[in-house]
Amino acid sequence: MIRLLIADDQALVRGALAALLQLEDDLEVVAEVARGDEVVDAARESKPDVALLDVEMPGIDGLAAARLLRDAVPTCRVLMVTTFGRPGYLKQAMAAGASGFVVKDTPARQLADAVRRVHSGLRVVDPTLAAESLTQGDSPLTDR
Amino acid sequence: VLLAAAAVWSFRLAWQRQAKLMAAERDLSELAVEEERARIARDLHDILGHSLTVISVKAELAERLFDDDPVRARAELQDLQRLSRDALADVRSTAQGIRGISLPGEIASARMALESAGIEPSLPTVADDVPSRWRELFAWTLREGVTNVIRHSQATRCEVELDPAHIRVSDDGRGPCPDDGSGNGLEGLRQRARLAGATVTTSPGPGDRGFSLTVSVPA
Amino acid sequence: VLLAAAAVWSFRLAWQRQAKLMAAERDLSELAVEEERARIARDLHDILGHSLTVISVKAELAERLFDDDPVRARAELQDLQRLSRDALADVRSTAQGIRGISLPGEIASARMALESAGIEPSLPTVADDVPSRWRELFAWTLREGVTNVIRHSQATRCEVELDPAHIRVSDDGRGPCPDDGSGNGLEGLRQRARLAGATVTTSPGPGDRGFSLTVSVPA
Ligand SMILES: Nc1ncnc2c1ncn2[C@@H]1O[C@H](COP(=O)(O)OP(=O)(O)OP(=O)(O)O)[C@@H](O)[C@H]1O
Ligand SMILES: Nc1ncnc2c1ncn2[C@@H]1O[C@H](COP(=O)(O)OP(=O)(O)OP(=O)(O)O)[C@@H](O)[C@H]1O
Ligand SMILES: [Mg+2]
Ligand SMILES: [Mg+2]
Ligand SMILES: [Mg+2]
């Protein structure tokens, strides 16, 4: 069983994603939070194997949450999810120790697959998102 | 001749300075309008992206639950209808600019307005779980609440909480002063709320500081 | 002193001319930015207005078919997923300023949208004889025209005629109601047409019933 934490401020999306992933035999959603600054506490308590982190959340964003999580619960791998790619997101996500980066509307079976891959130590990067994160904006190369 | 030249010269200088000042002001206000529009367009665009994301995820869920949990599948389908209708209404009223008011549009403008006023905003990024019938009232609440925070509060932070049953605009400013009774904003909002069957309350903000405006709807 | 003043003077003149030029250029580039933004707003409205209309029609359809025709209801749910993901992709590419709309693509989606709404479509099967420079405008016309038929007409049939010089979307519905002036669709289309040198006309449909939208291009 792969234990999952889902962090997303969009309650309807979070609920639907949790329900969809819960339908997979080998996945179990053990925690749901709506704010970036609740991720670490929830992870300490529920010991997830993989955390699905939305990028844009109140409190702290998903990228910052991923950084904190890496130190606080190093056994938990991170799969970032987002609606839009923005300049620098991908680079920051990888620098924050995330193992994957996909769009939120990824079909559930593919998303479940991404979770499994990340759990087994592989990297998963959505190609469209990668393109968006790299090409959108003025100068992605000088982006901090 | 020299004197005349000097007079003309100094006159021109003054005139030029004035013209420059006016031009600079116009540029600044044009720039502000322009930036505001760009901002709002981008935020709106994001919020619509969010709506479409919920729609796609819920459609998938409805399909997966179809056989095993038909009751829940139907509920998802009803959500889908509401979500798509609301998103359509948002697109249309925003495309009309000032004539319409939409909840996502107001969230976007609130961010812009607060930041311009040097007040740190903490705003919801999504509005899709607010039922259709309350969206317009919540949008007006947001507009009046944030306008008041900017005009009266002297706050450094403004937080907006949003859930299906209430919206709250709070700040950490100086709180209400003895009301001179000249304002219409809150009274107008109370009337709107009454017509819709909702209630308006004002109180000190979080930690007993500042001001807090709440509109609650019946369960 | 006079000479010096004259020198300064002519220098200032040159400088002013330069400044004016720069200001004009800046205005032009502001105008360009403005137009670009209007274009994006138009695209966003047209793309999402259409997609969201079809999505809400299909969500309703899926719910109504839920018990009596589960196979079809499921198919509608699959369409919903595809439509919302495609719309999301459109939103993403609009953000990047990339537009993609194709005439054959619009014919295909018009068929699907009309059928879902229970309106019998009569559509061209090919679009090959439309010159390239008009294809995008015709595609937008088809999209807005069909969206309007679904939303406003209460028609049972919708016909699209297409030839190298015009496209017409007509229906046999209730015809135009006293316009409440709240829509942006036709106005946006008029702007698109004007930019391309074409004209938009609306009139009653064939046999003086319903509604007809025509875009004609110069010979
Ligand atoms: N965030 C706030 N902080 C401090 N005082 C506030 C705040 N919001 C409202 N008030 C007080 O409540 C009064 C009434 O507000 P109201 O919105 O009804 O009127 P107004 O803003 O003064 O005028 P109007 O809204 O008609 O332009 C204000 O004049 C102000 O004294
Ligand atoms: N096929 C039609 N049958 C009947 N009335 C129509 C038809 N097409 C357009 N109309 C009328 O013309 C009006 C203007 O159409 P327009 O496309 O500009 O706006 P809209 O569809 O109401 O809103 P929007 O396109 O911005 O979502 C409509 O509101 C409707 O009253
Ligand atoms: Mg978010
Ligand atoms: Mg006020
Ligand atoms: Mg229309």
Side-chain angles (χ1 to χ4, degrees), chain A residues 6-25 27 29 32-38 52-62 80-87 89 102-114 126 128-129 132-133 136-138, chain B residues 38 41-69 71-73 75-84 86-87 104 107-108 111 120-131 157-165:
Chain A
I6 302 183
D8 194 321
D9 56 332
Q10 205 177 356
L12 296 181
V13 170
R14 191 180 66 238
L17 281 180
L20 278 168
L21 292 170
Q22 195 80 55
L23 288 173
E24 302 288 320
D25 293 335
L27 305 185
V29 178
E32 286 184 41
V33 298
R35 299 174 57 94
D37 49 15
E38 289 170 359
L52 233 68
L53 303 183
D54 180 22
V55 176
E56 287 165 20
M57 285 188 287
I60 58 174
D61 70 19
M80 301 295 311
V81 295
T82 186
T83 300
F84 295 105
R86 294 192 207 287
Y89 270 10
V102 298
V103 287
K104 261 189 229 180
D105 56 309
T106 302
R109 290 217 163 80
Q110 261 165 265
L111 188 62
D113 231 47
D126 191 300
T128 41
L129 205 49
E132 265 178 53
S133 303
Q136 216 183 49
D138 294 326
Chain B
R42 205 180 60 212
D43 283 0
L44 187 79
H45 166 276
D46 288 6
I47 288 166
L48 288 171
H50 284 127
S51 304
L52 287 166
T53 303
V54 196
I55 289 170
S56 69
V57 178
K58 277 188 172 277
E60 192 172 1
L61 185 59
E63 198 205 337
R64 292 283 292 275
L65 294 174
F66 202 92
D67 295 323
D68 296 337
D69 191 347
V71 175
R72 171 114 193 249
E76 295 298 338
L77 273 170
Q78 274 152 12
D79 276 3
L80 276 174
Q81 290 173 51
R82 179 184 69 72
L83 287 163
S84 52
D86 286 348
I107 295 175
R111 183 183 311 282
E120 189 192 332
S122 164
L123 298 173
T125 54
V126 290
D128 49 29
D129 55 356
V130 177
R157 281 179 46 83
C158 171
E159 181 171 15
V160 176
E161 293 158 71
L162 188 65
D163 66 38

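This one's a predicted model, so the numbers in the text were calculated from it and none came from an experiment. Order of the sequence lines fixes the chain letters, A, B, ..., with proteins taken first and strands second; residue numbering starts at 1 for each chain.
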Enquirer: Is there a side chain to side chain contact (heavy atoms under 4.5 Å, CB included) between B/Lys58 and A/Leu12? Walk through the geometry before answering.
Expert: CA-CA 8 Å; B/Lys58 277 188 172 277; A/Leu12 296 181; 4.0 Å; yes
Enquirer: What's the separation between atom CG in B/Leu61 and atom CG in A/Leu21, rounded to the nearest 0.5 Å?
Expert: 10.5 Å
Enquirer: Need one label for B/Ile55: side chain, backbone, both or neither, based on atoms under 4.5 Å from any heavy atom in chain A.
Expert: neither
Enquirer: Looking at A/Gly15, A/Ala11, A/Ala16, which has the largest count of heavy-atom pairs under 4.5 Å with chain B?
Expert: A/Ala16
Enquirer: If you look at every heavy atom in B/Val57 and A/Lys104, which pair is closest and at what distance?
Expert: CG2-O, 4.0 Å
Enquirer: With A/Asp9, which residues qualify under side chain to side chain contact (heavy atoms under 4.5 Å, CB included), at least two apart?
Expert: A/Asp54, A/Met57, A/Pro58, B/Thr125
Enquirer: Got more than 12 heavy atoms from elsewhere within 6.0 Å of CG, B/Asp67?
Expert: yes
Enquirer: Nearest 0.5 angstrom please: A/Thr83 OG1 to B/Leu52 CG, how far?
Expert: 9.5 Å
Enquirer: Which side-chain N or O atoms in residues 105-114 of chain A pair as donor and acceptor under 3.5 Å with protein atoms at least two apart or in another chain?
Expert:
unit_1	atom_1	unit_2	atom_2	d
A/Asp105	OD1	C/Arg92	NH2	3.2
A/Thr106	OG1	A/Val103	O	2.5
A/Asp113	OD1	A/Arg116	NH1	3.2

Enquirer: What part of B/Ser56 gets closer than 4.5 Å to chain A, counting heavy atoms only: side chain, backbone, both or neither?
Expert: side chain
